[in-house]
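Scroll down for the structure; my scribbles are underneath it.
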Amino acid sequence: MEKEREYQNRIWKAFLISIPYSASIGGTATLTGTAPNLILLGQLKSFFPGCDVVNFGSWFVFAFPLMIIFLVLGWLWISLLHGAFSLRCKREKKSEIRVDAEAKAKEVIKEDYRKLGPTIFAEKAVFFFFCLFAILLFTRDPKFIPGWASAFTPGFTSDAVTGITISVILFFFPSEKPSLTWWFDMKAPNTENKPLLSWKKAQDTVPWNIILLLGGGFAMAKGCEVSGLSTWIGGRLQPLEGLHPAAVAVLLITILIASFTEFASNTATIIVFLPVLSELAIRLKVNPLYLMIPGTVGCSYAFMLPVSTPPNSIAFSTGHLMVKDMARTGLLMNLMGVLLLSLAMNTWASSIFGLSTIPDWVGLHSHNVTSLATYNMTTGG
């Protein structure tokens, strides 16, 4: 009994740790998955208006393989560390207590599944619009073939257009299967159908605080650019110009940001660092995405402390985890994240985003920054 209790306690800890870790890793796969990704997209449009290589499709092609590899390696590490399985070839026979407990767990899951009942019309409709939303995002401008955005004036459509369009449809699409009898019978009752989404529901559930936080981040980034603060900080980093771009861009920056975000909000971290990274990239004469993308993804690789991310805090609040449990598991997770991100940035990401060349939109931004710095020096501002 004592041995089984220890085993169950280890497995319970593995479950609790794997949930926040998978949430943090999985959020990096899409631009809408986590706040730092959205901040990157917004600040790219602010710093480099001509940059159009980062969209929902290109980001997914880059981040999804990285997410899958990291999830598999993370699952192996957590399973080995907490005894979910071992590397020994000898197969241990399960005790009667464990077999009975697993059978009861399966029955509970089956009973909860039966309580869900059949799929209703509203659930099918939401699933359809979700799939339509994803398809429209991927096919807007996939880069390797013309997307549906090519049918419109350049710059007329964006990922936001897709999101707003689907959201508006939800406000008037019925939540119950509509009856067509009133088309043929004028005396048929015209009952009112509730839409899939009401404005009151949107007001109560939309995270307006996140929207204000993102807007404040964009304003802060623009303030750093206009005031010349990001240029000044970039000038203080001149000693880094002698290092190889790969070492600076991926290893040092990812380690720095991943360590910083262990103690601070990942949103606040990326707001502070992105303007600096963009200016540093210009001084290093490399593609700004070569520094900004690993910095953004590195903000989500915070696994060691409960305060690192909200998912970590939620898992820690259950009372079944200690700080040493997360630190012991998260240390290797952080190292794996840094190394995998370095591998991704120097292999498939380079071809997806064209990181081996300096695009034209970087030259335009450099000219604007130089003009601003000269103006500040002449006016004493």
Side-chain angles (χ1 to χ4, degrees), residues 24 27-28 31-49 51 54 59 207 209-241 243 245 247-284 286-313 334 337-338 341 345 362 365-366 368-369 372-373 376:
S24 298
T28 62
L31 283 175
T32 56
T34 185
N37 296 358
L38 292 173
I39 294 174
L40 169 68
L41 186 63
Q43 294 200 11
L44 278 176
K45 293 180 179 179
S46 175
F47 295 151
F48 310 104
C51 178
V54 178
W59 183 271
N209 56 331
I210 299 298
I211 297 176
L212 293 176
L213 178 64
L214 293 177
F218 299 151
M220 182 183 295
K222 191 65 176 178
C224 292
E225 179 187 12
V226 174
S227 65
L229 176 62
S230 58
T231 305
W232 180 84
I233 296 177
R236 306 283 80 77
L237 298 177
Q238 285 183 353
L240 295 177
E241 295 183 13
L243 297 177
V248 176
V250 184
L251 293 176
L252 296 183
I253 289 176
T254 308
I255 292 174
L256 172 64
I257 293 181
S259 302
F260 191 87
T261 195
E262 291 286 351
F263 307 95
S265 165
N266 54 4
T267 304
T269 301
I270 199 63
I271 289 174
V272 171
F273 276 97
L274 273 184
V276 178
L277 295 179
S278 65
E279 295 300 330
L280 179 60
I282 293 175
R283 291 181 176 274
L284 293 175
V286 297
N287 192 319
L289 297 178
Y290 196 60
L291 301 186
M292 299 174 75
I293 289 178
T296 301
V297 178
C299 276
S300 298
Y301 290 169
F303 305 107
M304 291 184 61
L305 298 176
V307 298
S308 302
T309 62
N312 289 9
S313 301
N334 279 8
V338 170
L341 187 55
M345 292 303 300
V362 176
H365 177 78
S366 303
N368 294 338
V369 170
L372 177 63
N376 289 338

- Message: Can you list everything that forms a side chain to side chain donor-acceptor pair (under 3.5 Å) with N312? Sequence neighbours excluded, please.
- Response: T309
- Message: Holding to side chain to side chain donor-acceptor pair (under 3.5 Å), I want the full list of residues that pass it with S308, two or more places apart in sequence or in another chain.
- Response: E262
- Quick one: does W59's side chain get under 4.5 Å of L40's, heavy atoms only? yes
- Task: Please examine the side chains of T267 and I271, heavy atoms only from C-beta on, and report whether any two atoms are closer than 4.5 Å.
- Result: yes
Just jot down the side-chain contact (heavy atoms from CB on, under 4.5 Å) partners of [X], sequence neighbours excluded, or say none.
X    : value
T32  : T30, L38, F56
V272 : none
A264 : F260, T269

For the [atom1] atom of [X] and the [atom2] atom of [Y], what is their distance to the nearest 0.5 Å?
X    : Y    : atom1 : atom2 : result
N287 : I282 : CG    : CD1   : 10.5 Å
T261 : F273 : OG1   : CZ    : 9.5 Å
L277 : I257 : CG    : CD1   : 5.0 Å
S24  : N266 : OG    : CG    : 8.0 Å

- Query: How close do V338 and T254 get, heavy atom to heavy atom, and via which atoms?
  - Reply: CG2-CG2, 3.8 Å
- Quick one: closest heavy-atom pair of I270 and P275, and the distance? O-CD, 4.5 Å
Using a 3.5 Å cut-off and no angle test, enumerate the donor-acceptor pairs between side-chain atoms of residues 294-305 and protein atoms at least two apart in sequence or in another chain.
residue, atom, partner, partner atom, Å
T296, OG1, M292, O, 2.8

